[in-house]
Asker: 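Dropping the structure in here first, questions after.
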Amino acid sequence: MVEEYNFKVVEARWRDFWRKRRFFHADSNDIEKKFYYLNMFPYPSGYLHVGHGRNYIIGDVVTRFYLMRGYNILNPMGWDAFGLPAENAAIERDVHPRDWTLDNIAHAKEQFRAWGIEYDWDREVTTCLPDYYKWTQWLFLQLYNHGLAYKKRATVNYCPTCDTVLANEQVVGGVCERCGTPPVKKTLDQWFFKITAYADALLDGLKKLDGWPENVKKMQENWIGRSEGAEVKFHTENGEEIVVFTTRPDTLWGATFMVLAPEHPVIDSLTTVTQRAAVDAYRAETQRRTEIERTSTEREKTGVFTGGYAINPVNGEKIPVWIADYVLMSYGTGAIMAVPAHDERDFAFALKYGIPIIPVIERDDRRIRSVVNKADVASEFAAALRDAGIEFADDNGAFAIKLTLEDYENYLAIVRQHLQPTGWAATVGSRFAFVFSDRVIELASVHADQEIMSRLTALDPHLSAKHTAMEVLAAIPAYADLLFHTDRGTMINAGAFTGTPGEDALDKVIAWLEETGKGRRAVNYRLHDWLISRQRYWGAPIPIVYCEKCGIVPVPENDLPVLLPDVEFIGKKGLADIPGYADTTCPICGGPAKRDTDTMDTFVDSSWYYLRYISPDRDDVPFVKEDVDNWLPVDQYVGGVEHAILHLLYSRFITKALHDMGYVSFDEPFQRLFTQGMICHTAYRCPEHGWLYPHEVVDGRCPHCGRKLETYNFSMSKSKKNVVSPEEIIGRYGADTERLYTLFMGPPDRDIEWTEEGVRGAFRFLNRFWALVLSQAGRVKSAPKNINPAALDADGRALWRRYNRTVKKVTEDIEGRFNFNTAVAAVMELVNELYRYVTGEGDDALVRAVIEGLILILSPFTPFICEELWRRIGHDDAVLEQAWPTYSAAALEEETIEIPVQINGKVRARVEVPAAVGSDSEALREAVLAAPAVRKRLNGKEPIKVIAIPGKMVSIVVRS
RNA sequence: GCCGGAGUGGCGGAAUUGGCAGACGCGCAGGAUUCAGGAUCCUGUGGGGAUUACACCUCGUGUGGGUUCAAGUCCCACCUCCGGCACCA
């Protein structure tokens, strides 16, 4: 009977060992074989749960692995310690956010210690401490000095619950990212970082980031939202300029109206007296609506005519200017030219409000349709169509005619020839035309539209209810799918440009716009400048003062940091509410001045922390250029995908800005990025009593009312009461089990459910591993050091092969794929095989080699038990002092291999062949065809074809 | 609507380059041990069928087609789920 695995004793013994020996301390100057591994630092707003742990456990595995591989690895840790959640939590508990935050940090460090997760703690950074935020303020000043930080009055999103403005990126799905409240619009003077100046650089940079997940790159690309097109100048009748952005300048000739966002500044002067009341009412209504309501795609488009007109610069047409809330002030110029024939929204809007719709682009499919009432044409019409080879169908009382552009002219002639004087017909699709007995009018201009309508109403008074030709056509169901399109086809009805093919249209029109001064080529971005002002206490104060004489004055670098006033915590307020804080003197003239009372968005703090880790103790510079150039970019960055846009985009921007200012020599901060998935757990909810802890649940029912509970599988969060604390698991099974299960449960980039059964499986494995090693400890200690693979028997050679394979797999899984789950599975297989081997006689040297190697390759995953067992088999040095095991290619080779044999695509036999035969296509073919099992199967039939893949299989085709 | 990703036993997942589908673990079943329970150990475990035979047949990786000697993997069409963006001009 071997000693029982007492994880409590084992883990207590080694808990502080690695730290005391400073294994995780990185030498700044040794950059020969450096590796900068970085986990996204946590936000200490509470205690860490096992879901958070995944990220840090991965980091610890990778760090220990590279240490054993002889790297000088830097893996630092710090705290993203400023911010609203901490401030709100502090308010709730009536404590100072600093105390609350520092308490959480102390607790989290204790959690890391229990987990066996080690860092170079000498480099710890805490963003809420003055020695850090001094440099956040320094960063602000550098951006300010280079024109990348500026103040402007802007309409911004203000969260009434959080009492502060939000960056665009913090409004998710129309609500505040933190609290779910729909923000209100406010016009305020705020500080911005000019991230838009780097829009193209951020986009181009993505192409170089091979080590980043595709989806993250795509998300950033979408977020930047670059679109190419043109800006075109329109003028109102009284000469005011309205600039629009369009991606389709080739459709300008079809712009039959304009739409302005309700906030557009030109509206006031444009609106006529008669429309004033309606416009004001609509603008007030828009302001009342929330962003979600306003941007719901479901809602029918609404708008109001301003009474004013603009001139279409390409054809001089006078077109009405409307306002509508589907045009957003925050995108492009807040004004659009509406081309209803080639834009779905404009089409719906024009149809609803009776605005002419003029097609100016041919359809790609060249289809045209025409529906003709039998009563409107002479009886020979059908025969004439047939003679012309035009396809048509009889559609109760009407001819439904399908044609293409080629038949168009011919068809018009036939219709006209047979049309009754009182009849009319139309074509729809690639060409829109109305045919009357005396003439054909193409729907080529607003003027033509009016002419068509007067002819139609003369023939059919009922049609006077319709406003436009398109409205008449829209009433005929057979035309429904051909009324508008967004193809990039040949231009029509476009003056001199008529006939320009789609592929040339954009370039030609833009060139002409530039020549004639009517517009210019332009690129528009969805990305906006980064709003960084926050009206809250718990952040880095903006280092700016306002002097009556000197205006906006940056705080001199020597005066940094601008300290957060150390006051009794005042509750849900900002620095503006702290008496005396704002009063200061102007650094230039010495006169009275006021400080800026806003603090910076916490994403500013985290946008540069990876640099501070390199020079954490310097109080004269934020970082030493030479050192960051040596260590950066980060070799491997790991964090949650929820930061795909915000943190990662901001960090890339700041790095590029620092690069252009000459502070660093690299322009991307993170070489490789890995985003780990979230850990989920069952959450229970009672319709009446809300979320319940799993231990409260009685037979799936609510303990308060006995109602059946709703169960969900959500990522762990305190609010849903479905978190599992590491203390609980570590107390019951130990940190090694907790770590092993976290790594084994599934591929780390995927979301996955935490189960207690799974934890027990990991625990069982460690018990088996412990018992196995201890049972062999004596044997290992006395065994010879070197093994002679040639002298082993078949079982021994098989085990040796398995061992070498496992070393290879574990090495590759950690180094390349980050697939810790399959690495652990491979180790389990090795343990299973070793168990079988040691029950027999076996070779002592082999057992020793395999057990030693096994302990070493498992040690990054479960460091405590491995450190202990390493001593138990006779060593007195540390695991981390050992070199990572290597494998030999020779040992991987099999002596014989089993070759599956497919006959007509199905595996029908397996043939054991010597490895030398198996690796040679011709020999393999011969051997397989000669094998009795195969001959029996073939039953005398001659193979038509034999495919022999060395080392893999043989496929035989016979006539059946 | 657009852009990503995924879909494999009762469950988590494996199959990395077109080459034996289901590694490893959980769960479950049977057995051993035990006064008993737990823990531990051994054996079995995709569905259906055949058999003296674990030496057999057959179906099977969301659905329907296709390419190939061979498809979870490649191609075409579609369904479902997850994530991101969304009246973007």
Side-chain angles (χ1 to χ4, degrees), chain A residues 4 172-174 213-223 225-227 229 244-248 251 255 259 261 294-301 324-328 330-339 342-346 348-349 524-526 641-642 644-645 677 740-741 744-747 749-762 764-765 767-768 771 809 812-813 816-817 819 821-832 835 898-910 933 936 943-949 951-958:
Chain A
E4 202 172 297
V172 175
E214 256 348 280
N215 62 333
V216 173
K217 287 194 276 186
K218 209 75 207 177
M219 279 159 76
Q220 294 211 348
E221 204 181 304
N222 290 343
W223 188 263
R226 181 191 158 98
S227 56
V244 303
F245 173 78
T246 176
T247 54
R248 292 297 302 272
T251 64
V259 187
R294 182 172 164 183
T295 57
S296 160
T297 331
E298 311 301 312
R299 229 177 92 238
E300 199 186 336
K301 314 231 169 313
D325 63 6
Y326 78 87
V327 174
L328 307 173
S330 56
Y331 186 80
T333 61
I336 63 160
M337 61 175 213
V339 184
H342 304 294
D343 179 281
E344 194 177 359
R345 293 154 306 165
D346 297 346
F349 195 86
N524 192 54
Y525 300 93
R526 217 189 71 100
V641 73
E642 66 274 17
I645 296 168
L740 189 69
Y741 173 59
F744 180 64
M745 62 198 303
D749 53 345
R750 224 181 288 175
D751 290 352
I752 202 151
E753 196 190 350
W754 181 273
T755 65
E756 182 90 16
E757 290 76 23
V759 177
R760 279 206 295 273
R764 252 199 300 267
F765 169 75
N767 275 287
R768 272 165 60 77
K809 173 131 188 83
E812 288 172 355
D813 281 351
R817 300 198 310 163
N819 275 15
N821 55 325
T822 51
V824 173
V827 172
M828 286 173 168
E829 285 182 77
L830 176 61
V831 168
N832 289 344
Y835 248 101
E898 196 188 62
I899 297 288
V901 180
Q902 288 190 353
I903 294 170
N904 286 350
K906 289 198 170 104
V907 179
R908 296 298 188 190
R910 287 158 217 282
K936 191 176 152 204
I944 303 169
K945 196 170 177 184
V946 179
I947 297 128
I949 311 294
K952 298 274 192 203
M953 60 151 31
V954 172
S955 188
I956 301 169
V957 188
V958 296

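These figures come from a predicted structure and were not determined experimentally. By convention in this document, chain letters (A, B, ...) are assigned in the order of the sequence lines, proteins followed by strands, and residues within each chain are numbered from 1.
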Asker: Rounded to the nearest 0.5 Å, what separation is found between the CZ atom of Arg750(A) and the CE atom of Met745(A)?
Answerer: 12.5 Å

Asker: Between G31(B) and C82(B), how far apart are the C1' atoms? Round to whole Å, please.
Answerer: 44 Å

Asker: Classify the nucleic acid contact of Asn832(A) as base, sugar-phosphate or nothing, counting any heavy atom under 4.0 Å across all strands shown.
Answerer: sugar-phosphate

Asker: Could you go over nucleotides 44-49 of chain B and give all protein N or O partners under 3.5 Å, atom names and distances?
Answerer:
none

Asker: Rounded to whole angstrom, note down the P distance from U58(B) over to A21(B).
Answerer: 13 Å

Asker: Stem list for RNA chain B, please, built from Watson-Crick and G-U wobble pairs under 3.5 Å and keeping only runs of at least 3.
Answerer: B:1-7 with B:79-85, B:10-12 with B:24-26, B:27-32 with B:40-45, B:46-49 with B:56-59, B:62-66 with B:74-78

Asker: Considering only atom P, compute the distance from U73(B) to U63(B) and round it to an integer number of Å.
Answerer: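 11 Å, rounded to whole Å.
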
Asker: Nearest-Å distance, CD (Glu4(A)) to C1' (A39(B))?
Answerer: 9 Å

Asker: Calculate the interatomic distance between Ile949(A) atom CD1 and C69(B) atom C1'; express it in whole Å.
Answerer: 9 Å

Asker: Asn215(A) has an atom CG; how far is it from atom C1' of C3(B), in whole Å?
Answerer: 11 Å

Asker: Taking only the side-chain nitrogens and oxygens of Lys218(A), find out if one of them lies under 4.0 Å from OP1 or OP2 of C3(B).
Answerer: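 It does not, given that no N or O in the side chain of Lys218(A) lies less than 4.0 Å from OP1 or OP2 of C3(B).
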
Asker: Is the phosphate of A70(B), meaning OP1 or OP2, less than 4.0 Å from a side-chain N or O of Asn904(A)?
Answerer: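 Negative; the distance criterion is not met.
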
Asker: Distance check needed: G19(B) C1' versus Met953(A) CE, whole Å only.
Answerer: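 In whole Å, G19(B) C1' lies 5 Å from Met953(A) CE.
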
Asker: Between U61(B) and U52(B), how far apart are the two P atoms, rounded to whole Å?
Answerer: 32 Å

Asker: Suppose you measure atom C1' in U45(B) against the same atom in C24(B); what distance do you get, rounded to whole Å?
Answerer: 15 Å

Asker: Counting just side-chain N and O atoms, does Arg750(A) come under 4.0 Å of either OP1 or OP2 of G12(B)?
Answerer: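 Checking G12(B) against Arg750(A), no side-chain N or O comes under 4.0 Å of OP1 or OP2.
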
Asker: Give a yes or no on whether the backbone of Val958(A) and the side-chain of Asn904(A) come within a donor-acceptor separation of less than 3.5 Å.
Answerer: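 Between the backbone of Val958(A) and the side chain of Asn904(A) there is a qualifying donor-acceptor contact (under 3.5 Å).
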
Asker: Hey, is the side chain of Arg526(A) poking within less than 4.0 Å of OP1 or OP2 on A89(B), counting only N and O atoms?
Answerer: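 Answer no for this pair, as no side-chain N or O of Arg526(A) is under 4.0 Å from OP1 or OP2.
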
Asker: Find the distance Leu740(A):CG to G12(B):C1' and express it as a whole number of Å.
Answerer: 14 Å

Asker: Report which part of the nucleic acid Ile752(A) touches: base, sugar-phosphate, or nothing (heavy-atom distance under 4.0 Å, all strands).
Answerer: sugar-phosphate

Asker: In this structure, how many angstroms lie between the P atom of C87(B) and the CG atom of Asp343(A), rounded?
Answerer: 13 Å

Asker: Can you check nucleotides 27-29 of chain B for protein contacts, nitrogen or oxygen pairs under 3.5 Å, and list what you find?
Answerer:
{"residue": "G27(B)", "atom": "OP2", "partner": "Arg764(A)", "partner atom": "NH2", "Å": "3.1"}

Asker: Measure the distance from CD on Glu214(A) to P on G4(B) and round it to the nearest whole Å.
Answerer: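 In whole Å, G4(B) P lies 10 Å from Glu214(A) CD.
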
Asker: Identify which nucleotide among C24(B), C87(B), G19(B) has an atom closest to any side-chain atom of Glu829(A), counting heavy atoms from C-beta outward.
Answerer: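 The answer is C24(B), which lies nearest to the side chain.
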
Asker: Please figure out whether Asp813(A) or Asn524(A) has its closest RNA chain B nucleotide nearer the 5' end.
Answerer: Asp813(A)

